[in-house]
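Let me begin by presenting the structure, written as structure tokens, before commenting on it.
Position 1 is the first residue of the sequence; numbering continues from there.
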Amino acid sequence: MSGLELRAVDRTNIWKLVKLSVSDEQRDFIATNTESILEAYTTITSGGVALPFGIFDGEQPVGFVMLGYGRLDDDDPSVADGNYCLWRFMIDKSFQRRGYGKKALQLTLDYIRTFPRGPAEWCWLSYEPENEAAKALYHAAGFRETGEICGDEVVAVLHL
């Protein structure tokens, strides 16, 4: 895991990334990578910011992360304005419970703190209330719930 890195989704890695998946019990908690990449495309072509990345350990894809910047939707929480969103985050079922999630999340937050699309004070995310694994991971990284609900998901923020 020493070579863990984020790589922008492109024609050289897209097909490897769409093959990644979570376990059956996690499928209701997150969109597929195919759906996420399509959502990134439509966001970008509509003038929004979507930053989809593969998470790679050397040449092995182990996960996927997608970031947003600014308001992505009308029902986004107020913190969305001028801030980053950890829009999607997944580790493939074959690589879970091996420390990849924690390390990849830290790598992602380090990237966000370079402010690639503009300055920000917060990073926000939302997750299904039943997703205890996600909640624990995000809490360990410093995210805290705001009390807001986005769709049916709990909103949490991290001060950058």
Side-chain angles (χ1 to χ4, degrees), residues 1-41 43-44 48-70 72 79-80 83-128 130-145 150 153-160:
M1 192 181 345
S2 60
L4 204 64
E5 64 180 339
L6 301 180
R7 293 186 196 159
V9 174
D10 63 23
R11 64 185 179 87
T12 68
N13 61 27
I14 190 171
W15 302 115
K16 294 175 185 173
L17 296 171
V18 299
K19 290 179 184 176
L20 301 179
S21 64
V22 295
S23 63
D24 289 342
E25 59 270 6
Q26 296 171 316
R27 288 191 199 281
D28 291 340
F29 296 145
I30 189 165
T32 67
N33 293 345
T34 300
E35 292 167 322
S36 295
I37 292 166
L38 288 169
E39 200 166 3
Y41 176 80
T43 297
I44 292 165
V49 175
L51 304 167
F53 295 96
I55 303 165
F56 283 80
D57 186 358
E59 293 307 308
Q60 177 66 54
V62 299
F64 175 83
V65 62
M66 188 162 79
L67 307 172
Y69 180 73
L72 302 170
V79 71
N83 289 300
Y84 289 89
C85 172
L86 182 57
W87 195 350
R88 299 281 158 65
F89 185 81
M90 67 81 72
I91 300 296
D92 183 80
K93 61 187 171 193
S94 301
F95 298 94
Q96 292 181 4
R97 297 184 232 336
R98 294 169 51 186
Y100 283 103
K102 184 176 180 181
K103 187 162 182 172
L105 182 56
Q106 188 57 55
L107 192 63
T108 300
L109 293 172
D110 290 346
Y111 174 75
I112 290 170
R113 287 183 175 111
T114 70
F115 305 109
R117 290 297 185 265
E121 186 175 354
W122 301 97
C123 177
W124 72 277
L125 55 80
S126 63
Y127 63 88
E128 299 281 345
E130 303 83 20
N131 192 344
E132 292 295 328
K135 179 180 178 178
L137 178 66
Y138 299 143
H139 260 251
F143 283 89
R144 296 297 177 259
E145 288 76 15
C150 182
E153 298 185 346
V154 175
V155 175
V157 297
L158 174 72
H159 191 262
L160 297 170

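Between Asn131 and Glu153, every side-chain heavy-atom pair lies at or beyond the 4.5 Å cut-off. With a 4.5 Å cut-off on side-chain heavy atoms, Pro61 and Leu20 count as touching. Here the side chains of Val65 and Tyr111 are not in contact, with every heavy-atom distance at 4.5 Å or above. Between Pro52 and Tyr41, the closest side-chain pair of non-hydrogen atoms is not below 4.5 Å. Here the side chains of Met66 and Phe53 are not in contact, with every heavy-atom distance at 4.5 Å or above.
No donor-acceptor pair under 3.5 Å is formed between the side chain of Gln60 and the backbone N or O of Asp57. A donor-acceptor pair under 3.5 Å is formed between the side chain of Asp92 and the backbone N or O of Ser21.
A pairwise comparison of heavy atoms in Trp87 and Leu67 identifies CE3-O, 3.9 Å as the closest pair. The two residues Gly101 and Ile91 have their closest heavy-atom pair at CA-CG1, 3.8 Å. Across every non-hydrogen atom of Leu4 and Ala104, the tightest pair is CD2-N, 3.7 Å. Taking all atoms of both residues into account, the shortest heavy-atom contact from Ala8 to Asn13 is O-ND2, 3.1 Å. In plain terms, the two heavy atoms of Leu160 and Ala120 that are nearest each other are CD1-CB, 4.0 Å. When every heavy atom of Gly58 is checked against every heavy atom of Phe56, the shortest pair comes out as O-CB, 3.6 Å.
Around atom CZ of Phe115, more than 12 heavy atoms belonging to other residues, nucleotides or ligands sit under 6.0 Å away. No more than 12 heavy atoms of other residues, nucleotides or ligands shown are found within 6.0 angstrom of CD on Glu59.
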Pair Ile30, Phe89 - check side chain to side chain contact (heavy atoms under 4.5 Å, CB included), show working. CA-CA 8 Å; Ile30 189 165; Phe89 185 81; 5.6 Å; no
In sequence, state the C-alpha distance, the side-chain angles, and the governing distance for Leu6 and Thr108, and then conclude on side chain to side chain contact (heavy atoms under 4.5 Å, CB included). CA-CA 8 Å; Leu6 301 180; Thr108 300; 4.0 Å; yes
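With rounding to the nearest 0.5 Å, the separation of NE2 in His159 from CG in Asn83 is 9.0 Å. Rounding to the nearest 0.5 Å places OG1 of Thr114 at 11.5 Å from CG of Leu109. Taken to the nearest 0.5 Å, the CG atom of Asn33 stands 10.0 Å off from the CD1 atom of Ile14. Summarising the geometry, atom CG belonging to Leu158 is positioned 5.5 Å from atom CZ belonging to Arg113; distances are rounded to the nearest 0.5 Å. Atoms OH and CG, from Tyr127 and Leu86 in turn, are 13.0 Å apart once rounded to the nearest 0.5 Å. Of the inter-residue distances, the one linking Trp15 atom CH2 with Thr34 atom OG1 reads 7.5 Å to the nearest 0.5 angstrom.
Not counting sequence neighbours, Ala136 has no partner by the side chain to side chain contact (heavy atoms under 4.5 Å, CB included) test. Listed by chain and number, the residues in a side chain to side chain contact (heavy atoms under 4.5 Å, CB included) with Arg144 are His139 (sequence neighbours excluded).
The aromatic rings of Tyr69 and Tyr84 sit tilted relative to each other, their planes meeting at an angle between 30° and 60°.
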